[in-house]
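Worksheet for the structure shown next.
None of the values given here were measured: they were computed from a predicted structure. Values below: every heavy atom of this structure, side chains too, minus hydrogens, waters and symmetry copies.
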Amino acid sequence: MTGGSTDAGLGYAPAQPSRARAVAEVSAWLFGAFAVAAAAATGTLRVAHPGMYLVALAALLVPAVAWGAFLNSLLMFSRDSPFLYTPLDDPLWFVAGVRLPLFALPVWVKAIGLAFPPTTSLTVLRGALLEASGVGELSGELAMLAALSVALFALTAVTLRIGEWHAQTSGSLQLF
């Protein structure tokens with residue numbers, strides 16, 4: 001081989017994202033950008049400070065990455081990932097208040113919803129973008145979101161270490 005190492009010499013080609021997925025990702029970002037622009041143009045957004053857009057973005061992205069990393073750490077060592085993903089996904093959106101507002105749900109569902117990042121992320125987004133709340137007013141929710149994200153990253157690290165140990169001792173990636 002000349003010109004450096006490539007993955008082709010190992011017998012597999014690097015992963016290429018499909019065109020449909022790339023189009024969907026661009027479409028989602030365009031929809032988000034136009035939705036924010038339309039909301040700002042119609043006066044729907046009530047933001048206390050322009051920096052609250054960054055707070056809202058961080059409150060949405062950091063917990064989403066933490067939750068995604070945690071789920072992927074579980075699904076990586078599973079024999080049948082869709083079997084685990086399906087029962088975890090829909091209840092998450094239900095108890096987080098995404099499909100129905102939390103005030104319409106029983107108290108026990110609200111309590112379960114607090115364990116999931118979208119619940120608090122939506123609270124921060126509503127406060128930052130619709131109710132003109134500042135960082136001080138959202139400090140409790142932001143602290144809870146930060147603690148939940150740290151806990152999810154820690155659980156991810158533990159799950160990956162257990163899975164790695166299992167793979168080294170048994171030679172199998174199937175932890176469960």
Side-chain angles (χ1 to χ4, degrees), residues 24-25 28-29 31-33 35-36 38-40 43-166 173-176:
E25 289 174 0
W29 281 105
F31 173 76
V36 169
T44 304
L45 293 181
R46 294 184 329 135
V47 182
H49 183 275
M52 292 305 290
Y53 288 110
L54 295 176
V55 171
L57 185 65
L60 186 63
L61 290 181
V62 173
V65 168
W67 180 252
F70 176 66
L71 280 183
N72 281 324
S73 72
L74 290 176
L75 300 179
M76 185 185 319
F77 302 111
S78 169
R79 199 169 358 138
D80 190 12
S81 295
F83 177 74
L84 291 174
Y85 177 78
T86 302
L88 291 175
D89 189 46
D90 287 333
L92 166 70
W93 297 118
F94 180 73
V95 300
V98 174
R99 300 218 171 125
L100 291 172
L102 281 178
F103 67 82
L105 300 174
V107 174
W108 65 271
V109 173
K110 292 178 193 176
I112 293 171
L114 289 175
F116 296 110
T119 307
T120 310
S121 288
L122 287 174
T123 303
V124 170
L125 287 176
R126 285 184 193 112
L129 301 179
L130 299 177
E131 299 168 358
S133 300
V135 174
E137 296 166 322
L138 296 172
S139 62
E141 288 87 357
L142 289 170
M144 189 163 85
L145 211 51
L148 185 57
S149 296
V150 167
L152 285 170
F153 281 129
L155 284 171
T156 300
V158 168
T159 304
L160 289 175
R161 292 213 187 263
I162 291 170
E164 182 182 15
W165 173 82
H166 178 73
L173 282 176
Q174 294 178 359
L175 185 58
F176 41 83

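Contact record, E131 with R46: CA-NH2, 3.6 Å, taken as the closest heavy-atom pair. Contact between S121 and A59 at its shortest, heavy atoms only, is OG-O, 2.7 Å. Scanning all heavy atoms of the two residues, the minimum distance from Y53 to L45 falls at OH-CD1, 3.6 Å. When all heavy atoms of A48 and S133 are compared, the pair lying nearest together is CB-O, 3.9 Å.
Rounded to the nearest 0.5 Å, atoms CG (L160) and CG (N72) are 9.5 Å apart. The distance from atom CE of M52 to atom CG of L125, rounded to the nearest 0.5 Å, is 10.0 Å. Note that the OG1 atom of T44 and the CG atom of L130 stand 8.0 Å from one another [nearest 0.5 Å].
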Without placing hydrogens or testing angles, list every side-chain donor-acceptor pair under 3.5 Å for residues 135-158, not counting sequence neighbours.
from: E137; atom 1: OE1; to: G134; atom 2: N; distance (Å): 2.7
from: S139; atom 1: OG; to: G136; atom 2: O; distance (Å): 3.0
from: S149; atom 1: OG; to: L145; atom 2: O; distance (Å): 2.9
from: T156; atom 1: OG1; to: F70; atom 2: N; distance (Å): 3.2
from: T156; atom 1: OG1; to: L152; atom 2: O; distance (Å): 2.7

Task: From CA spacing to verdict: side chain to side chain contact (heavy atoms under 4.5 Å, CB included), L122, R126 - done: CA-CA 6 Å; L122 287 174; R126 285 184 193 112; 3.9 Å; yes
